[in-house]
Amino acid sequence: MSANMMVVVVLLPIIFGVLVPLIPFKTRRHMTWYVEGIVLLTSLLVWALLISRPDGSFTLFRFTGNLSVSFRLDGLGTVFAGILSSLWPLATLYSFEYMKHEGHEKYFFMFYVITYGVTLGIALAEDILTMYFFYEMLSLVTLPLIMHTLTREAILASRTYLYYSLGGAAFAFIGMIFILTYGTTSVFVPGGVIDAAALGDRQGLMLLIYVLCFCGFSVKAAMFPFSSWLPKAGVAPTPVTALLHAVAVVKAGAFTVIRVTYYSFGTELLRGTWAQMVVLGLTIFTIVYGCSRALKETHLKRRLAWSTVSNLSYILFGAALMTPLGLVGALSHMVFHAVMKICSFFCAGAVIYKTGRNYIHELRGFGWKMPKVFTIFTISGMALMGVPGLCGFISKWNLAKAAVSSENPLGYLGLAALLVSALLTAIYMMTISIRAFFPGKDFDYDTISDVEDPNWMMILPLVIFVIAMFVFGLHPEPVIAALESIAAAMN
Amino acid sequence: MNGWILLPVFLPVIAGIFLLLMSQCERRRLHQAAGAVLVISAVLAVAAAWTGDKSVTLFYLMKDIPVYFHIDGISRLFVTFTSIVWVCVGIYAFVYMEHEGGEKRFFGLYLIVYGVIVALDFAGNLVTMYIFYELMTLTSAPLVLHNGSREAVMAALKYLFYSLCGAYMGLFGIYFLYQNCDTLAFTPGGTLNPVLAQDHRTILLIAVFAMLAGFGAKAGMLPLHSWLPAAHPVAPSPASAVFSGIVVKAGVLAAIRTVYYVVGSDFIRGTWVQTAWMVLALVTVFMGSMLAYREPVFKKRLAYSTVSQISYILFGLSLLTPMGITGALLHTVFHAFIKSALFLTAGVFIFECGKTRVSELTGIGKRMPKTVWCYTFASLALIGIPPACGFVSKWYLAEGALNADVGVFGWLGPVVLLLSALLTAGYLLPVTMKGFFPGKRDGEKTSAGNSEMKSSAVDIRDAQKKEPSMMMLIPLGILASLTIILGVLPNPLIDYISQLISGLM
């Protein structure tokens, strides 16, 4: 497979996505076939790329000098592209069923498919300009998805999202300019590209710029104090919250942070400085903050969104440790959290789709009426809290290993925060399950007689995720070994 | 091939899952199936334990972390008393659970938890132990909320969250030990790498303390003890019995493994960790007894008593001397039999008469003398009156404290133990005394006109002599007589333990 296939996988969903509302489909079924076809085709091509690992890069076009839009597949990109290409077809399958009750399906699927191409663009970007370009585009193409229901709440949420994203991108832009100015090259190189000679005595300034850039990119990863857009965006249809706001968009934030930290600024420059302390402090605070907010929240999807806030900061925390082990921890949580969180969101979506209930106190007794959904929800909750045997334990283990071996007092503190967060996760996830399965002695099941499990299109993705959680939890070695080989390139 | 030693783990777990998933079936069939699996697994577990040291690696969780089982002396001891108690209580539960309902779920979980505990006892390294420690918490929580009332659900959540809090504190320590130990496999004397340990002394001490406090949550040590008095009254009595007798001992096992098999007792000897551990244990001993003394609800009283008694064990462990550990291990075994016998009696009172408060038990001795005699024997053992077994373990604990080089705690410890023994007598014996010698009926005249009150207050004394069925009485009798037999003939056990701990120091 040659390198120019990369541009195909990025452009294919974008172009064919734009066509969705233009093609006059005879029936809804035709449209779903078309959409699933594109997504599956893209995923297959991505998988072919990931397996053959073409070495070269492909430049789409060149602005001036060394500024270009170009693609290249490296280890880090493989991880992100792998996550995206595995989850997108399943999420699409799920949304065919779910979107029946939301309406405006054509526009929804148009943006849904385009977003796929754009996030792949971030994963495959060879240099910082390309990544920035797709990062900005991601904000724009996901905006209509949040706005989808066109209620007042949705419009306000999308406005918040836009302001946060654009603000973050502005900070990220400053970082990009500095990297272009002081870097030896604009492409990503493991270990960083900053030229110490060119930098001279402006190291302090560079650290400040790093903090700005980190914060800018972590807006998408919903780090405190930029986290409030994510729970608000929960008004979007569940396939959006599940795939984009638990995986694609937010992990794009984490991915870009890892890129600039490990591949542009370089950990050599940053490790042990005040800049590292600041970003570590912010991520540690967010880990606890997100969980506490999740605990307080009574709206099911918003609770999961706050949980995402906390879990993304696990990833950022791992990245901010700035050691190869930290990178392994961050990446493993990136992979595993994707599976766990999309699974719990899909369960929440199944509840909303089948019953229209949105609040946790309304879920009493649902466990016996929707046994499949709630069993899977409980398993995903256990995975999130890090029960051994499920994948959450493995990624926490890797993060903890990194934190302990970093010999950094803030690393120790972060480890404590991880465990506090695990306890809070147990509380906010298990209370839902217990409420659903043990509604109390005198509970009248007739009041929820309309509740039942959804059909196979919704259950199939859930089952696949559960299997993945167990497989990653019991036999994580292949994945971890792959991540370690990526991190090994850092030294 | 040593793979068969995992049979007592997998057999009950699979059978239990099968029971949970199976559709409703006849009671008799259910009892036969559950009973057969229980007895077979117990026999297998004991057989696996007593046929020499064996180890088996199940698979590698991560490349340097195997899920590894190894049977050593401690496993043998724990598996044996666990199996005896589990079978006795299981047989008792066949009758008892009739009035609680939901038997299929109860016995399914009962079997699963047994399998998990056997795995926990057999675990050969810290991570394997942690895995089954956490699984035990998750699988045993539904036993607490069995009756599904709001109170029970809240108690189960409390149990779950306290235990998880403790488990995560333990995990915090495990992360650090993983970096600083040569191996996490249990090795008598510890595996701490001396060079690394010297560099990270402060943080390692904090980590070890976090582990002890965290595992102490399961063992009901302050400050994470309060799940015990919440969970026991609402759980079905057989569940309370195994909780108090066995499940809390997982905390003890974890502490033993951590201190004596991974960290090594020398690392914490004389440090603030040892002092803090001792203080926490002693405060818990005293406070638990005090609270039990003041508690009117019978099962809750027994729960506070567990809080206090488990900290005897922890105090013995914290002394870090062979004598102290001997006392602790003896008390672990004895307390398992004593406390499950006590809870089974409490269950009989509930099952036969529906009485939950101590004050309602006046005159109970006339109604069921055999049961109350069993209760009395177990109580005497817990107080530590010779020749019952509690005397032996407490003797070793006090002796260990006096001989240990722990400063003021050398005499303070025995004093607290003695005070607590007095309180134990004060909270356990009134049931026997009032039970056999109800005395004059106070308020007889006033209640004469009020037939309702009369019926509720007096019916035990007027009732015919009626013992519970043999299925309940025999397990209770076995456990109660064990407390006496072990008190009269403690030497084989003491010899076994002293041989077991010879390599630890």
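Keep in mind that what you see is a predicted model, and the values were worked out from it rather than measured. Just so you know, these numbers use all the heavy atoms, side chains as well, and skip hydrogens, waters and symmetry mates.
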Could you state the interatomic distance from OH (A:Tyr412) to NE2 (B:His200), rounded to the nearest 0.5 Å?
5.0 Å
Nearest heavy atoms of A:Gly386 and B:Glu134, plus distance in Å
O-OE2, 4.0 Å
Okay, B:Asn147 and chain A: the region with an atom under 4.5 Å from a heavy atom over there is both
Is chain B contacted by the side chain of A:Ala481, its backbone, both, or neither, given a heavy-atom distance below 4.5 Å?
neither
Measure the spacing between CZ of B:Phe59 and CG of A:Leu474 and express it to the nearest 0.5 Å.
4.5 Å
d(A:Lys401 NZ, B:Asp64 CG) to nearest 0.5 Å is 5.5 Å
I'd like to verify something: which residue of A:Ala400, A:Gly389, A:Pro439 has the highest number of heavy-atom pairs under 4.5 Å with chain B?
A:Ala400
Examine whether an atom of B:Val67 lies under 4.5 Å from a heavy atom of chain A, and if so say whether it belongs to the side chain, the backbone or both; otherwise answer neither.
neither
Give the intermediate values and the outcome of side chain to side chain contact (heavy atoms under 4.5 Å, CB included) for residues A:Ile394 and B:Leu61.
CA-CA 9 Å; A:Ile394 306 292; B:Leu61 193 60; 4.1 Å; yes
So do the side chains of A:Phe393 and B:Leu171 get within less than 4.5 Å of each other, counting heavy atoms only?
yes
Chi angles and distances behind the side chain to side chain contact (heavy atoms under 4.5 Å, CB included) call for B:Lys63, A:Glu484:
CA-CA 12 Å; B:Lys63 71 175 171 288; A:Glu484 275 168 353; 2.9 Å; yes
For a quick test of reading the model, state the closest non-hydrogen atom pair linking B:Tyr130 to A:Pro388 and the distance between them.
CE2-CG, 3.9 Å
Atom pair CH2 (A:Trp397) and CD1 (B:Ile174), whose distance is rounded to the nearest 0.5 Å
6.5 Å
Return the option, out of A:Val404, A:Ile434, A:Val420, A:Ile480, with the maximum number of heavy-atom pairs under 4.5 Å with chain B.
A:Val404
Residue from B:Ala141, B:Gly148, B:Ala167 scoring the most non-hydrogen pairs under 4.5 Å with chain A is B:Gly148
In Å and rounded to the nearest 0.5 Å, what is the OH to CE distance from B:Tyr168 to A:Met385?
4.5 Å
Residue pair B:Leu164, A:Ile427: steps toward the side chain to side chain contact (heavy atoms under 4.5 Å, CB included) verdict
CA-CA 10 Å; B:Leu164 285 177; A:Ile427 297 178; over 6 Å; no
Side chain, backbone, both or neither: which part of B:Ile65 has a non-hydrogen atom closer than 4.5 Å to chain A?
side chain
Give, as side chain, backbone, both or neither, the part of B:Tyr178 having an atom under 4.5 angstrom from any heavy atom of chain A.
side chain
Please step through side chain to side chain contact (heavy atoms under 4.5 Å, CB included) for the pair B:Phe161 and A:Thr431, ending with a clear verdict.
CA-CA 10 Å; B:Phe161 298 148; A:Thr431 42; 4.2 Å; yes
Say you draw a straight line from CG of B:Leu138 to CE of A:Met430; how long is it, rounded to the nearest 0.5 Å?
7.5 Å
